Amino acid sequence: MGECLLREGYRRRADSKQQTASSKGRQSREQNSGRWSVHCELFTVNSRTYAAPMDVDLAVIGAGVVGLAVAAELSRTRQVAVIERHGGYGLETSSHNSGVVHAGIYYSRGSLKHTLCIEGNALLYEWAAAHGVRARRIGKLIVAVDETELDALAEVAHHADENGVPDMRMLVGRAALDEMEPAVRAVAALWSGSTGVIDQAELFASYGASAEANGAWIALKHELTSVERRGGGFALGLVGPDGGETSITCDVLVNSAGLRADRVAAMLGYGLDGAGGTPPMRQTVNKGRYYDIVTPEKARLLRHLVYPVPDHGKGGLGVHVTIDVDGGVHLGPDTEWLDDGAELDYRADDSRRAAFNASASRYLPWIEPDDIAPGQVGYRPKLQRPGGPIADFLIWRDGGYVHLGGIESPGLTSSLAMARRVAEML
Ligand SMILES: Cc1cc2nc3c(=O)[nH]c(=O)nc-3n(C[C@H](O)[C@H](O)[C@H](O)COP(=O)(O)OP(=O)(O)OC[C@H]3O[C@@H](n4cnc5c(N)ncnc54)[C@H](O)[C@@H]3O)c2cc1C
């Protein structure tokens, strides 16, 4: 996988809400950090100087929404360090997504995606209310545009019912639809009242703040470059912002490296293809592009999230409408499988305008190519192969190592539930 070209808008947005770190004082020294008396290194985060532990109970690789949720949960009872290669939280997948608090409608019954999504949905709204994170339970409609889609819609409704998704109801006929979403072309729609949207940057900043308040140490601009098993635990080799090398040790290692989770597993010597008792951990990458509806009077026609009946074989939920917490209206994401090692370019591109317009105009008949402009781009880390069966999240423990693999959607929604699951495993 090549170097990431991060979308500047998101970098600025996330950076403005959080701190950036630079490490100082490369030599380890004996120092009292206040909570622990261990070998320390000094790190400066804005104007505060941290005495960073060189030996912790638990290290989390990755300060995305999942790694930070794990850190917030586990730092309540353990000494935790989070290692993040970028200068801010959540700069990869956690800030390049739809920000939807999913309801758990589509996932295979009993799967981690199903159970963690339903549990995570409730936990996320609770957390948002308690921590001042903006979230709106805006609701979503899955629409059948004509009679040929009614069976598929009924199947989605049946599946949602079996999954125990709360607050679902079928709307049939124009009168019911006009009341809810008059500008959408459909003959019937499935309403989900527990679906909503959340401010992703506020969410992961709140997880980070909670972890830090519990005494966790979050090392930004530090990349994990090697892992060695040592004395029942792990020695982690890190490269800091000035290229200097340092290392810390930990008893437990949680790999929450998102798109690079398989690379981190490989550092530990695991085969990635499921041989020798280890689960398959090799990830594929699936690109998702968005277009924004930029004609204000057209964007204002929409009141809820609107999804077509899904085609799971394509790796996503179909080009849908999301409305973010600021009221911005977006179409997408689409799906495109990338070749192994392809460069991840987060810059918006305008290569799919016609395809987006065609997909959206099935249920938004008034949309014109000039009403949309290219928006953000995100990358899904998947355990599914192109054309292969849908894969579940992988949460796998091997002694002191916990692997979080294939954390695509609904990973944001599931973040707190996933953190609890990791805590239960340890
Ligand atoms: C297009 C798209 C739309 C989505 N929409 C939704 C949605 O609406 N709702 C929902 O619930 N989910 C959604 N998701 C899924 C959700 O965004 C992810 O599941 C979630 O953000 C994953 O978080 P994470 O912490 O696992 O990964 P990431 O956010 O990718 O974090 C991993 C971190 O690990 C760091 N890292 C990697 N390797 C190293 C290393 N060697 N050393 C140090 N740091 C390292 C990275 O820099 C990164 O910051 C969507 C995903 C995509 C791509």
Side-chain angles (χ1 to χ4, degrees), residues 1 3-4 6 10 14 59-71 81-104 107 113 116-117 120-121 124 140 195-198 200 203-204 207 218-227 236-240 254-267 283 285-290 305 307 315-317 319-320 322 324 330 332-336 344 346 375-382 393-395 403-419:
M1 211 176 288
E3 263 309 291
C4 294
L6 289 164
Y10 275 87
V60 180
I61 308 305
V65 73
V66 173
L68 290 170
V70 169
V82 181
I83 310 299
E84 169 54 52
R85 69 195 187 105
H86 293 302
Y89 302 159
L91 289 174
E92 295 193 357
T93 312
S94 295
S95 54
H96 296 81
N97 59 52
S98 306
V100 174
V101 184
H102 285 296
Y107 314 111
K113 285 182 176 174
L116 297 181
C117 182
N121 173 295
L124 214 55
K140 124 176 176 181
T195 301
V197 289
I198 194 159
Q200 304 97 316
L203 179 66
F204 49 68
Y207 289 165
I218 303 179
L220 301 177
K221 294 188 180 171
H222 280 73
E223 177 162 3
L224 177 82
T225 53
S226 66
V227 188
L236 311 181
L238 311 178
V239 173
V254 178
N255 175 357
S256 184
L259 291 158
R260 293 176 174 225
D262 50 357
R263 285 196 204 183
V264 170
M267 288 181 199
Q283 295 183 162
V285 179
N286 186 288
K287 180 172 182 172
R289 293 179 187 76
Y290 294 79
L305 312 186
Y307 286 56
L317 296 176
V319 167
H320 49 264
T322 56
D324 63 37
H330 314 280
D334 67 351
T335 65
E336 182 193 354
L344 304 189
Y346 285 87
Q376 67 167 340
V377 170
Y379 293 94
R380 307 170 177 94
K382 282 182 173 282
F393 293 148
L394 174 64
I395 304 182
H403 184 90
L404 303 178
I407 310 299
E408 53 173 323
S409 192
L412 178 84
T413 309
S414 307
S415 51
L416 287 170
M418 208 175 292

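Atoms within a ligand are numbered from 1 in the order they appear, just like the ligands themselves. For this chain, numbers begin at 1 and follow the sequence in order. Given the structure is predicted, the values throughout are model-derived calculations rather than measurements.
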Judged on heavy-atom distance to atom 32 (C) of ligand 1, which of G288, S415, S256, G67 sits nearest? S256
Residue pair C117 / A103: nearest heavy atoms and the distance that separates them: SG-C, 4.0 Å
One finds that the ligand 1 atoms under 4.0 Å from a non-hydrogen atom of H102 are 7 (C), 8 (O), 9 (N), 10 (C), 11 (O)
Can T322 and Y290 be counted as having a side-chain donor-acceptor contact under 3.5 angstrom? no
Could you tell me the residue and atom name of the protein heavy atom closest to atom 45 (C) of ligand 1, and the distance to it rounded to 0.1 Å? R85 CD, 3.8 Å
Starting from atom 27 (O) of ligand 1, locate the nearest protein heavy atom and write down its residue, its atom name and how far away it is, to 0.1 Å. G258 CA, 3.8 Å
Nearest protein heavy atom to atom 15 (C) of ligand 1, by residue and atom, and its distance? S409 N, 3.3 Å
Rounded to the nearest 0.5 angstrom, the NZ-CD distance for K221 and E84 is 11.5 Å
Polar proximity ligand 1 side, L91 side, N/O cut 3.5 Å exclusive: no
Of the protein's non-hydrogen atoms, which lies at the shortest distance from atom 25 (O) of ligand 1, and what is that distance? V66 N, 3.0 Å
Looking at every heavy atom in both H86 and L91, which two are closest together, and how far apart are they? CB-CD1, 3.7 Å
Mind checking whether F393 contacts ligand 1 via backbone (N, CA, C, O), side chain (CB onward), both or neither, at a 4.0 Å heavy-atom cut-off? neither
What protein heavy atom lies closest to atom 1 (C) of ligand 1? Include the residue and the distance to one decimal. Y290 OH, 3.5 Å
Note the single closest protein heavy atom to atom 49 (O) of ligand 1, along with its residue, its atom name and the distance in Å. E84 OE1, 2.7 Å
Does any N or O of ligand 1 fall below 3.5 Å from an N or O anywhere on V65, backbone included? yes
Output for pair (I83 CD1, L238 CG), nearest 0.5 Å, gives 5.0 Å
Sub-3.5 Å donor-acceptor pair from the side chain of E92 to the main-chain atoms of Y379, do we have one? no
Check for a donor-acceptor pair, side chain of R380 on one end and backbone N or O of K287 on the other, with a separation under 3.5 Å. yes
S414 side chain to G120 main-chain N or O, any donor-acceptor pair under 3.5 Å? no
A student checking ligand 1 against G62 at a 4.0 Å heavy-atom cut-off should list atoms 33 (C), 34 (O), 35 (C)
Below 4.0 angstrom from a heavy atom of H86, which ligand 1 atoms are there? Numbered from 1 as shown, please. 47 (O)
When you look at F204 and S415, which way does the side chain to side chain contact (heavy atoms under 4.5 Å, CB included) test go after all the steps? CA-CA 10 Å; F204 49 68; S415 51; over 6 Å; no
Examine distances only and state if a side-chain atom of S256 and a backbone atom of V60 form a donor-acceptor pair shorter than 3.5 Å. no
Answer with yes or no whether G90 contacts ligand 1, where contact means a heavy atom under 4.0 Å from a ligand atom. no
Which ligand 1 atoms does G411 reach within 4.0 Å, using its non-hydrogen atoms? 11 (O), 12 (N), 19 (O)
Nearest protein heavy atom to atom 16 (C) of ligand 1, by residue and atom, and its distance? L412 N, 3.8 Å
Considering only heavy atoms of H222, which atoms of ligand 1 have at least one such atom less than 4.0 Å away? 43 (C)
Ligand 1 and S98, any nitrogen or oxygen pair closer than 3.5 angstrom? yes
Does S94 use its side chain to pair, donor to acceptor, with the backbone of V65 at less than 3.5 Å? yes
Here the atoms of ligand 1 under 4.0 Å from any heavy atom belonging to H96 are 1 (C), 2 (C), 52 (C), 53 (C)
Give the contacting part of R263 toward ligand 1: side chain, backbone, both or neither, where contact means a heavy-atom distance below 4.0 Å. neither
Can you pull out the closest protein heavy atom to atom 29 (O) of ligand 1? Residue, atom name and distance to 0.1 Å, please. S94 OG, 2.5 Å
Nearest atoms (heavy-atom pairs only) where A261 meets H403: O-CE1, 3.5 Å
Under 4.0 Å from a heavy atom of I83: give me the atoms of ligand 1 that qualify, with their elements. 43 (C), 44 (N)
Consider every N or O of Y379 and every N or O of ligand 1, then say whether any pair is closer than 3.5 Å. no
Below the 3.5 angstrom mark, is there an N/O of N97, backbone or side chain, next to an N/O of ligand 1? yes
Specify the closest pair of heavy atoms between A257 and N255, including all atoms of both residues, with the distance to one decimal. N-OD1, 3.2 Å
With heavy-atom distances below 4.0 Å as the criterion, list the atoms of ligand 1 near T413. 9 (N), 10 (C), 11 (O)
Non-hydrogen atoms of A417 and L116 that approach each other most closely: CB-O, 3.5 Å
Measure across S409 and K113 and return the closest heavy-atom pair with its distance rounded to 0.1 Å. O-CE, 3.9 Å
If only atom types and distance count, is the side chain of H222 paired as donor or acceptor with the main-chain N or O of V239 below 3.5 Å? no
Mind checking whether R380 contacts ligand 1 via backbone (N, CA, C, O), side chain (CB onward), both or neither, at a 4.0 Å heavy-atom cut-off? both
Atom 22 (C) of ligand 1: which of V264, V239, I407, L224 has the nearest heavy atom? I407
